[in-house]
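Structure provided below as structure tokens; questions to follow.
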Amino acid sequence: MTDMELYDLRVSVDRIEGRSVCGMAVGDYFELTDSAHLTLPEGKHFCVYALAAVLPFLAAKQRDVPPGDWLAQDSHFACPDPEERLVMRVERTGRRRMNSSDLT
């Protein structure tokens with residue numbers, strides 16, 4: 001039985017307004033699927049500090065939020081490194097039905 005729906009997400013580097021300190025480039029990304037499966041393209045990396053900046057918002061972006069909620073409209077998040085000014089975009093790539101008892 002499926003009793004919930006979650007979005008799969010792609011978090012990608014949208015722009016770098018400073019200098020790339022962590023070695024990432026525009027277009028680098030990771031995907032979050034099946035509720036909690038984080039994957040990277042083979043041979044690629046994603047800065048742990050950029051990941052830490054966006055991580056608190058991913059659970060909310062996986063779910064439907066009310067239309068007036070700022071997370072329904074905003075998809076950009078910034079890495080905390082002031083030298084880099086890396087901006088990430090979170091996109092919903094698909095929607096899947098899941099059984100919540102499989103996740104807890």
(request) Specify the closest pair of heavy atoms between Val26 and Arg15, including all atoms of both residues, with the distance to one decimal. (result)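 In terms of heavy atoms, the two residues are closest at CG2-CA, 3.9 Å.
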(request) Measure the shortest side-chain to side-chain distance between Ser12 and Glu91 over non-hydrogen atoms and say whether it is less than 4.5 angstrom. (result)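 Ser12 vs Glu91: side chains touch.
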(request) Using salt bridge (charged side-chain N to carboxylate O under 4.0 Å, His left out) as the criterion, list what pairs up with Glu5, not counting sequence neighbours. (result)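 Testing Glu5 for salt bridge (charged side-chain N to carboxylate O under 4.0 Å, His left out), a comparison that skips the adjacent residues, returns Arg95, Arg97.
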(message) Are the side chains of Val87 and Ile16 in contact, using a 4.5 Å heavy-atom criterion?
(response)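 Not touching, per the 4.5 Å side-chain cut-off.
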(request) Find out whether Leu9 and Thr93 are in side-chain contact, i.e. whether some heavy atom of one side chain is under 4.5 Å from a heavy atom of the other. (result)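 With C-beta onward as the side chain, the pair stays apart.
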(request) Name all residues meeting the side chain to side chain contact (heavy atoms under 4.5 Å, CB included) criterion together with Asp28; count only those two or more places apart in sequence or in a different chain, and write none if there are none. (result)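 Scan of Asp28 (side chain to side chain contact (heavy atoms under 4.5 Å, CB included), adjacent residues dropped) gives Val13, Met24, Ala25, Lys44.
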(request) Could you list the residues that satisfy side-chain hydrogen bond (donor to acceptor under 3.5 Å, both in side chains) with Glu42, not counting sequence neighbours? (result)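 side-chain hydrogen bond (donor to acceptor under 3.5 Å, both in side chains) list for Glu42, sorted by chain: empty.
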(message) Looking at His45 and Cys22, would you say the former's side chain and the latter's main chain have a donor-acceptor pair under 3.5 Å?
(response)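 Between the backbone of Cys22 and the side chain of His45 there is a qualifying donor-acceptor contact (under 3.5 Å).
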(message) Running the 4.5 Å side-chain criterion over Ile, Leu, Val, Met, Phe, Trp and Tyr, what cluster does Tyr49 land in, apart from itself?
(response)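 So far as hydrophobic clustering goes, Tyr49 is joined with Val48.
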(request) May I have all residue pairs that pass salt bridge (charged side-chain N to carboxylate O under 4.0 Å, His left out) and include part of residues 45-57, sequence neighbours excluded? (result)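 As it turns out, there is no salt bridge (charged side-chain N to carboxylate O under 4.0 Å, His left out) pair with a partner in residues 45-57 once direct neighbours are skipped.
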(message) If you apply the rule salt bridge (charged side-chain N to carboxylate O under 4.0 Å, His left out), what do you find for Arg96 with Asp8, and how did you get there?
(response) CA-CA 7 Å; Arg96 68 178 67 231; Asp8 290 339; 2.5 Å; yes
(message) I need the Arg92 CZ to Ser75 OG distance, nearest 0.5 Å.
(response)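 Here the rounded value is 8.0 Å.
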Going by atom type alone, with no hydrogens or angles, which donor-acceptor pairs under 3.5 Å involve a side-chain atom of residues 55-63 and a protein atom two or more places apart or on another chain?
from, atom 1, to, atom 2, distance (Å)
Lys61, NZ, Leu71, O, 2.7
Lys61, NZ, Asp74, O, 3.1
Gln62, NE2, Ser35, O, 3.0
Arg63, NH1, Ala59, O, 2.8

(request) Using the rule that two of Ile, Leu, Val, Met, Phe, Trp, Tyr join whenever any of their side-chain heavy atoms come within less than 4.5 Å, decide whether Leu86 and Val11 are in one cluster. (result)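 Yes, one cluster joins them.
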(message) Which residues pass the side chain to side chain contact (heavy atoms under 4.5 Å, CB included) test with Arg85, not counting sequence neighbours?
(response)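 Per chain and number, Arg85 pairs via side chain to side chain contact (heavy atoms under 4.5 Å, CB included) with Glu17.
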(request) Kindly write out the residues that satisfy salt bridge (charged side-chain N to carboxylate O under 4.0 Å, His left out) with Asp69, not counting sequence neighbours, or none if the list is empty. (result)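 For Asp69, no residue satisfies salt bridge (charged side-chain N to carboxylate O under 4.0 Å, His left out) once neighbours in sequence are set aside.
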(message) Hydrophobic cluster membership, with links at side-chain heavy-atom distances under 4.5 Å among I/L/V/M/F/W/Y: are Leu6 and Val90 in one?
(response)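 As far as the 4.5 Å side-chain criterion goes, Val90 and Leu6 are not connected within one cluster.
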(message) Once ring pair (Phe, Tyr, Trp, His ring centres under 6.0 Å) is applied, what residue pairs with a partner in residues 6-39 remain, sequence neighbours excluded?
(response)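 Sorted result for residues 6-39: Phe30-Phe46.
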(message) So, using side chain to side chain contact (heavy atoms under 4.5 Å, CB included) as the criterion, who are the partners of Val21 when residues are at least two apart?
(response)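 Residues passing side chain to side chain contact (heavy atoms under 4.5 Å, CB included) with Val21: Arg19, Asp81, Glu83, Glu84.
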(request) Sequence neighbours left out, what passes salt bridge (charged side-chain N to carboxylate O under 4.0 Å, His left out) with Glu31? Give chain and number order. (result)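 Expected list: Arg10.
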(request) State, to 0.1 Å, how close Ala53 and Pro80 come at their nearest heavy-atom pair, and which atoms those are. (result)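 For Ala53 versus Pro80, the nearest heavy atoms are CB-CD, 3.7 Å.
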